[in-house]
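Take a look at the structure set out below.
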Amino acid sequence: MGRRRLAALGTVAFAAVAPGTVAVVLPWRLAGRRVHPPLGGSRATRWVGAGLIAAGAPLVASAFVRFVRAAGTPSPAFETESLVVTGPYRYTRNPQYVGVVTVVAGEGLLYGSRRVLAYSAALWAVFNLWVRVYEEPRLRSRFGADYDAYVRTVPRWLLPPRRTPHPAAPEHAPTDA
């Protein structure tokens, strides 16, 4: 079996377990397995929630596709051999986490659940700690100057926002193959 096919299978398995649990199972359970009255008494919050889910889910999916194309997975157990800096990674260094938190916040609004909204904030805090303590030092040690250049031009999250894509990573960059 080729490395890319193995990467695709690994990514699907990882997505089912990690984001599947964090962004689907746990929010539904925290909401008490039901939809509550809309927060603030307005149905508009449900539409905002649906919009956040619609924005966040493709961001996570696109990030995962980038890993498969780089013949690896988002899991530290089967990493890519090259730094992934294309697609959504041109605008934020952590599109998976941004997407997951966006989906969970959207679910909080859609379900009318303050507990799910609080969970989305806690999730962001955990992701932020994980990125700073584990991922960034690991990537810096693996990719050295390439990672340092990437860090200088692309924000960790979405702020400050990038108006233009990461210059060293056009869509046709070799890391996308």
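If you're wondering where the values come from, they're calculated on a predicted model, not measured in any experiment.
For the atom pair CD of Glu135 and CH2 of Trp130, the computed distance is 6.5 Å after rounding to the nearest 0.5 Å. In this structure, the separation between OG1 on Thr153 and OH on Tyr91 is 12.0 Å, given to the nearest 0.5 Å. Taking CG of Leu110 as the reference point, atom CH2 of Trp47 lies at 10.0 Å (rounded to 0.5 Å). Between the CZ atom in Arg115 and the OH atom in Tyr119 there is a gap of 12.0 Å [rounded to 0.5 Å].
Applying the under-4.5 Å side-chain rule to Ile, Leu, Val, Met, Phe, Trp and Tyr, the cluster around Leu39 extends to Val48, Leu52, Leu109, Leu117. With side-chain heavy atoms closer than 4.5 Å counting as contact, directly or through intermediates, the hydrophobic cluster containing Leu129 also holds Val133.
Listed by chain and number, the residues in a ring-ring contact (aromatic ring centres under 6.0 Å, His included) with Phe127 are Tyr97 (sequence neighbours excluded). With sequence neighbours excluded, the residues that form a side-chain hydrogen bond (donor to acceptor under 3.5 Å, both in side chains) with Arg156 are Glu136. Every ring-ring contact (aromatic ring centres under 6.0 Å, His included) that Tyr150 has, sequence neighbours left out, goes to His166.
Contact detail for Val103 and Ile53: the closest heavy-atom pair is O-CG1, 3.6 Å. His36 and Ser113 get closest at one heavy-atom pair: CD2-CB, 4.2 Å. Across all their heavy atoms, Pro88 and Leu59 have their closest contact at CB-CD1, 3.5 Å. The two residues Val104 and Leu123 have their closest heavy-atom pair at CG2-CD2, 3.9 Å. Of all heavy-atom pairs spanning Val98 and Trp157, the tightest one is CG2-CE3, 3.8 Å. Ala63 and Gln96 make their closest contact through CB-CG, 3.5 Å (heavy atoms, listed as atom of the first residue, atom of the second, distance).
Taken together through direct or relayed side-chain contacts under 4.5 Å among Ile, Leu, Val, Met, Phe, Trp and Tyr, Val151 and Leu83 form part of one hydrophobic cluster. Cluster annotation: Val85 is connected to Tyr147 through the hydrophobic network of ILVMFWY side chains, with a link wherever side-chain heavy atoms come within less than 4.5 Å.
Atom CZ of Arg142 has more than 12 heavy atoms from other residues, nucleotides or ligands within 6.0 Å.
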Using distance only, find each side-chain donor-acceptor pair of residues 6-33 under 3.5 Å and give its atom names and separation, not counting sequence neighbours.
residue: Thr11; atom: OG1; partner: Ala7; partner atom: O; Å: 2.8
residue: Thr21; atom: OG1; partner: Val17; partner atom: O; Å: 2.6

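Between the side chain of Arg93 and the backbone N or O of Val154 there is at least one donor-acceptor pair closer than 3.5 Å.
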Arg69 and Thr86: side-chain contact (heavy atoms from CB on, under 4.5 Å), yes or no, with the steps? CA-CA 10 Å; Arg69 288 182 176 170; Thr86 59; over 6 Å; no

